[in-house]
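Presented below is the structure to which this report refers.
FYI, side chains are in, hydrogens and waters are out, and symmetry mates aren't considered; it's all heavy atoms of this structure. Convention: sequence-line order gives letters A, B, ...; per-chain numbering from 1.
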There are 2 protein chains.
Amino acid sequence: MATMKQVAERAGVSTSTVSHVINKTRAVSEDVRERVLAVIGEMGYIPNAMARSLKNDKTRTIGVSVPDNTHAAMAELLRGIEDAAFAVGYNIMLCNGYEDPQRQAAHLRSLIEKRIDGLVLVAGAARANEELAALLSSGRVPVVLADHAVAGVDTDFIGLDHEATGYLATRHLLELGHRRIACVAGPAHEPAGSARLAGCRRALAEAGLALDPKLLVHGSADCQGGHDAARRLLGLDAPPSALFACNDLMALGALCAAREAGVAVPAALSVAGGDDLGVAAFATPRLTTVAQPSHEMGRRLTELLLQRIQGDPAPRHQTRLGGQLVVRHSTAAPQAR
Amino acid sequence: MATMKQVAERAGVSTSTVSHVINKTRAVSEDVRERVLAVIGEMGYIPNAMARSLKNDKTRTIGVSVPDNTHAAMAELLRGIEDAAFAVGYNIMLCNGYEDPQRQAAHLRSLIEKRIDGLVLVAGAARANEELAALLSSGRVPVVLADHAVAGVDTDFIGLDHEATGYLATRHLLELGHRRIACVAGPAHEPAGSARLAGCRRALAEAGLALDPKLLVHGSADCQGGHDAARRLLGLDAPPSALFACNDLMALGALCAAREAGVAVPAALSVAGGDDLGVAAFATPRLTTVAQPSHEMGRRLTELLLQRIQGDPAPRHQTRLGGQLVVRHSTAAPQAR
DNA sequence: CTGTTAGCGCCTTCAG
DNA sequence: CTGAAGGCGCTAACAG
C-alpha cells in the first residue's frame with residue numbers, strides 16, 4: 001500500500017508538504033497542491049490512521065461492550081451508538097460479553113491495547129470480576145455506562161427508567177379497572193427487571209393494592225419464561241384479570257400461553273409488556289407496551305463519551321430516560337363477572 | 001500510559017529484552033524475566049497495539065459492514081462473526097451501511113485508513129456506487145461477501161440458500177394438500193426475497209401448479225408489509241388456503257392480518273414463513289418456518305476471511321447454506337369445503 | 001543471554 | 001511557501 005513518502009517522491013516534494021496538503025494544515029502553493037493531489041489519486045494513496053494515531057494518541061475509535069448484540073434492545077442501542085459515532089467520524093469496535101466477566105475482561109484488554117478513545121459499557125447483570133473492575137477503574141479509558149451500573153465503577157451513566165416503565169404499564173391496567181394484576185418478572189437478581197417490578201408495586205400501592213405473592217412469577221427473561229410464567233398464573237384457582245410482563249419477549253410468551261390455555265386476550269386477560277419491539281405491534285393481539293428510547297440512549301451515551309474524550313471535566317452525569325406507554329389491543333377493561 | 005521504554009528503564013534492561021519477555025520471542029534468563037514481569041505488573045503496562053501494528057502491518061481487526069444491525073438476521077450473523085473472530089483474538093469494527101452506498105463507502109474508507117486486515121461485507125440490495133466498488137475491487141483488503149453478491153466484486157461468498165427456503169416451505173404446504181397457495185414477497189428487486197419466491201414457484205411447478213399472479217403480492221419486507229399483503233389476499237374473491245411469506249416478519253404481519261380479518265389460522269389459512277426468529281416459536285399460532293443458519297454463516301465467513309488474510313491462495317469459494325423446515329402450528333391440511 | 005540500532009508511516013517543530 | 005529532522009511505541013536484525 002502506498003505511503004506518504006512514495007507520494008512525496010513521485011510528486012517531487014517533501015513528505016511534510018504532502019502531509020500539509022492532506023490535512024490543510026498550512027498554506028501550500030496552488031500548483032504544488034494540485035500536483036500532490038493528482039499523485040494521491042493516481043496511486044490510490046490512503047493515509048495510515050495507525051501511524052497517525054501513534055502521534056496524536058487518538059484513534060477515533062470507541063469500544064462498545066454489550067452482553068449480546070442479538071437482543072433487540074441491545075441492537076437498537078448499538079445502532080444509536082454507531083449512528084452518533086459515525087456522525088462525527090468515529091468507528092465502533094463491537095464486543096459481545098455474554099454476561100461473562102472473563103470474556104468481557106479479555107475484550108476490554110484487547111480494546112485498551114488497541115487504544116480505543118473511550119468505551120460504552122453495557123454490563124448486564126453479572127458482577128465484574130477483579131480483572132475487569134481493575135481495568136475499568138484504572139482510568140486508562142473514559143467509560144460511560146449504559147443502563148446498568150457496575151459495582152465499584154463510578155462514572156457517567158445513562159439508562160432507561162425501568163421503574164417508571166413498570167409504573168406506567170401497571171397504572172394503565174389499574175385505570176382500566178383491573179384489581180387482580182399479576183407480574184411476570186425476569187430473574188430476581190436482574191436490575192432492569194427488578195426496577196420494573198418495583199414500579200409495578202408502586203402503582204399498585206398508589207391504588208391501595210399490594211402485589212399478591214401468588215401473582216408474582218419469576219422466570220427467564222425471554223418468550224419461554226413469559227410463556228411458562230403465564231401458564232402457571234392461568235392455572236391458579238383465582239387467576240389474574242391482567243398481567244404486566246416486564247419485557248415484550250415475556251409478554252409475547254404470555255400471549256402464546258393464554259391462547260394455548262384458551263384464555264381470550266384481552267377479553268379474559270389483559271397483557272401489557274415493556275420495550276415495544278418491532279414485532280409487538282403485530283402480535284396477536286397487538287401488544288400494549290411501554291416503548292423505550294434505546295436508540296436515543298445510545299446516541300446520548302456516545303455524545304457524552306465524546307465530551308469526556310475531549311476532556312470535559314463536568315461532574316458525573318446520571319440520567320434515566322423515560323419510556324412511553326403505547327396502548328394497543330392486548331389490554332381492555334376487565335370482563336364483568 | 002506507560003510505555004515499554006519506561007518499563008525497560010525501571011527494570012534496568014533494554015526495551016528489546018522487555019519486548020522479548022512479552023512476546024516470548026527469545027530466551028531470557030529467569031530472574032530478568034521475573035523482574036520485567038513484576039515491573040509490568042506494578043506499572044500496569046499494556047502494550048500499544050498500534051505501534052505493534054505499524055511494524056507488522058497486521059491489526060487483528062476485521063471490519064463488518066451490514067445494512068442494519070437491528071435486523072434480527074443481521075444481528076445473528078454479526079454475532080457469528082464476532083464469536084469466530086474473538087476465538088482467534090480478532091476484534092470487529094461494526095458499520096451500519098443502511099443500504100446507502102455513500103455511507104458504506106465512507107465507512108470502508110475509514111476502515112481502510114485504520115488498516116483492517118479484512119472485511120465481511122453484507123451489501124444488501126442497493127447497488128454499490130463507483131467509489132465503493134473501486135475501494136472493494138482495488139484489492140487493498142481481503143473481502144468476503146455475505147449472502148449478497150456485489151456487482152463487479154468477484155470474491156469469496158457465503159450466503160443462505162434462499163431458493164431452497166422458498167421451496168421447502170412451499171412443498172410443505174403442498175404436502176399438506178394445499179393447492180391454492182399465495183406468496184407474500186418483499187420488494188421485487190430484493191435478491192433474497194426473489195430467490196425465495198423462485199423456490200416457491202419451483203415447488204409449485206413440481207406439483208404441476210403455477211403461481212396465480214393474483215396470489216403474489218409484493219410489499220415491504222417487514223411486519224407491516226406482510227400485514228398489508230395478507231389483508232389484500234384475504235379480501236380476494238377466491239382467497240388462498242395457504243400462504244408462504246418470504247420472511248418471518250412478513251409472516252407475523254400476515255398472522256396479524258388474518259386475525260383481524262377473522263380468518264382462523266391454521267384452520268382457514270395456513271401460514272409459513274422463513275427465518276425462524278426467536279419470537280416465531282411463540283407467535284399466535286406458533287409459526288411454521290424455515291430456520292436459517294445465520295450464526296453459522298457468520299462463523300464460516302470469518303474463518304474463510306481469516307484464511308485469506310493468512311494468504312490462502314485457494315480458488316474463490318462460493319456456498320449457500322441450507323435452511324431447515326420447522327413445522328409448528330400455523331400450518332395444517334386445508335379444511336374440507 | 002542481552003543491548004544497540006534502524007525503521008514502520010506520519011506529524012510537527014524548527015530552519016530556511 | 002517549503003524541507004529536514006526527530007520522535008510516537010514497538011519489533012527485529014545485528015552485534016556482542
Side-chain angles (χ1 to χ4, degrees), chain A residues 1-37 39-40 43-61 89 109-117 140-141, chain B residues 1-37 39-40 43-61 89 109-117 140-141:
Chain A
M1 203 163 264
T3 78
M4 213 169 80
K5 194 165 153 200
Q6 292 166 355
V7 171
E9 274 168 17
R10 193 132 120 173
V13 297
S14 74
T15 59
S16 72
T17 296
V18 175
S19 172
H20 284 122
V21 335
I22 290 174
N23 301 309
K24 305 193 209 309
T25 180
R26 88 177 172 196
V28 175
S29 69
E30 189 53 27
D31 59 333
V32 168
R33 210 180 69 84
E34 274 175 16
R35 188 146 38 94
V36 169
L37 254 18
V39 172
I40 286 178
M43 303 183 68
Y45 168 72
I46 295 188
N48 185 329
M50 281 183 313
R52 198 177 271 178
S53 297
L54 199 53
K55 290 223 56 121
N56 318 331
D57 232 30
K58 290 264 150 269
T59 52
R60 296 187 83 76
T61 299
R109 159 94 194 192
S110 178
L111 293 178
I112 293 178
E113 289 187 354
K114 289 181 180 164
R115 297 298 192 261
I116 53 167
D117 291 343
R140 330 173 84 92
V141 165
Chain B
M1 202 163 260
T3 77
M4 214 169 79
K5 194 167 153 198
Q6 292 166 353
V7 172
E9 273 167 17
R10 192 128 119 171
V13 296
S14 73
T15 58
S16 72
T17 296
V18 176
S19 173
H20 285 122
V21 336
I22 289 174
N23 302 308
K24 305 192 209 311
T25 180
R26 84 177 176 195
V28 175
S29 70
E30 188 54 25
D31 60 334
V32 168
R33 211 181 67 85
E34 274 175 16
R35 189 145 38 93
V36 169
L37 255 18
V39 173
I40 286 177
M43 303 182 69
Y45 168 72
I46 295 189
N48 184 328
M50 282 183 313
R52 197 177 271 177
S53 297
L54 199 53
K55 291 224 55 122
N56 313 336
D57 230 31
K58 289 266 151 268
T59 52
R60 296 187 83 78
T61 299
R109 160 94 192 190
S110 177
L111 293 178
I112 293 178
E113 289 186 353
K114 289 181 179 163
R115 297 298 192 262
I116 52 167
D117 290 345
R140 330 173 84 91
V141 164

Exercise for review: Output the single nucleotide from D/dG3, C/dC11, D/dC8 whose closest atom is nearest the side chain of A/Arg26.
Suggested key: D/dG3
Review point. What's the closest nucleotide to the A/Ala51 side chain, out of D/dG3, C/dT2, C/dG9?
Key: C/dG9
Point to revise | Side-chain donor/acceptor of B/Lys55 to base of C/dC8, under 3.5 Å | key: no
Review point. D/dT2 phosphate, OP1 or OP2: any side-chain N/O from A/Ser14 under 4.0 angstrom?
Key: no
Practice item. Please confirm whether the backbone N or O of A/Lys58 pairs with a side-chain atom of A/Ser53, one donor and one acceptor, at under 3.5 Å? Key: yes
Practice item. Would you please say whether a donor-acceptor pair under 3.5 Å links the side chains of A/Thr61 and B/Lys114? Key: yes
Review point. Ignoring hydrogens and angles, are the base of D/dG3 and the side chain of A/Ser16 linked by a donor-acceptor pair under 3.5 Å?
Key: yes
Exercise for review: Using atom NZ of B/Lys5 as one end and atom P of C/dA6 as the other, report the distance to the nearest whole Å.
Suggested key: 15 Å
Practice item. Would you check, one step at a time, whether the test side chain to side chain contact (heavy atoms under 4.5 Å, CB included) holds for A/Val39 with A/Gln6? Key: CA-CA 10 Å; A/Val39 172; A/Gln6 292 166 355; over 6 Å; no
Check your understanding: With side chains defined as the heavy atoms from C-beta onward, is the minimum distance between B/Val13 and B/Val36 less than 4.5 Å?
Key -> yes
Review point. When you look at A/Arg115 and B/Met1, which way does the side chain to side chain contact (heavy atoms under 4.5 Å, CB included) test go after all the steps?
Key: CA-CA 10 Å; A/Arg115 297 298 192 261; B/Met1 202 163 260; 3.4 Å; yes
Review point. Could you state the CG-C1' distance from B/Leu54 to D/dA12, rounded to the nearest angstrom?
Key: 14 Å
Study note, to complete from the structure: DNA chain D nearest-nucleotide lookup for A/Val32 and A/Thr15: closer to the 5′ end is A/Val32
Practice item. Rounded to the nearest angstrom, tell me the gap between atom CD in A/Glu9 and atom P in D/dA4. Key: 12 Å
Review point. Just checking B/Val13: base, sugar-phosphate only, or nothing, at a heavy-atom cut-off of under 4.0 Å?
Key: sugar-phosphate
Review point. What integer distance in Å separates A/Asn56:CG from D/dG9:P?
Key: 12 Å
Review point. C/dC1 C1' sits how many Å from B/Arg35 CZ, rounded?
Key: 13 Å
Review point. Could you give the CD-to-P distance, from A/Glu113 to D/dT11, as a whole number of Å?
Key: 10 Å
Check your understanding: Across the strands shown, which category fits A/Ser19 at heavy-atom distances under 4.0 angstrom: base, sugar-phosphate, nothing?
Key -> base
Review point. When you check the gap from the basic side-chain N to the acidic O, do A/Lys5 and A/Glu9 get nearer than 4.0 Å?
Key: no
Exercise for review: Between D/dC10, C/dC11, C/dG9, spot the one nearest the side chain of B/Pro47, thanks.
Suggested key: D/dC10
Check your understanding: Can you check whether B/Ser29 has a side-chain N or O nearer than 4.0 Å to OP1 or OP2 of C/dT2?
Key -> yes
Exercise for review: Could you tell me the separation between the CE atom of B/Met4 and the C1' atom of C/dG7, rounded to a whole number of Å?
Suggested key: 14 Å
Review point. Expressed in angstrom and rounded to an integer, what is the separation of B/Glu34 atom CD from C/dT2 atom P?
Key: 12 Å
Study note, to complete from the structure: Whichever of B/Asp31 and A/Asn23 has the more 5' nearest nucleotide on DNA chain C, that residue is B/Asp31
Check your understanding: What does B/Asp57 touch in the nucleic acid at a heavy-atom separation under 4.0 angstrom: a base, only the sugar-phosphate, or nothing?
Key -> nothing
Check your understanding: Quick one: on DNA chain C, does A/Met50 or B/Ala27 contact a more 5' nucleotide (nearest heavy atom)?
Key -> B/Ala27
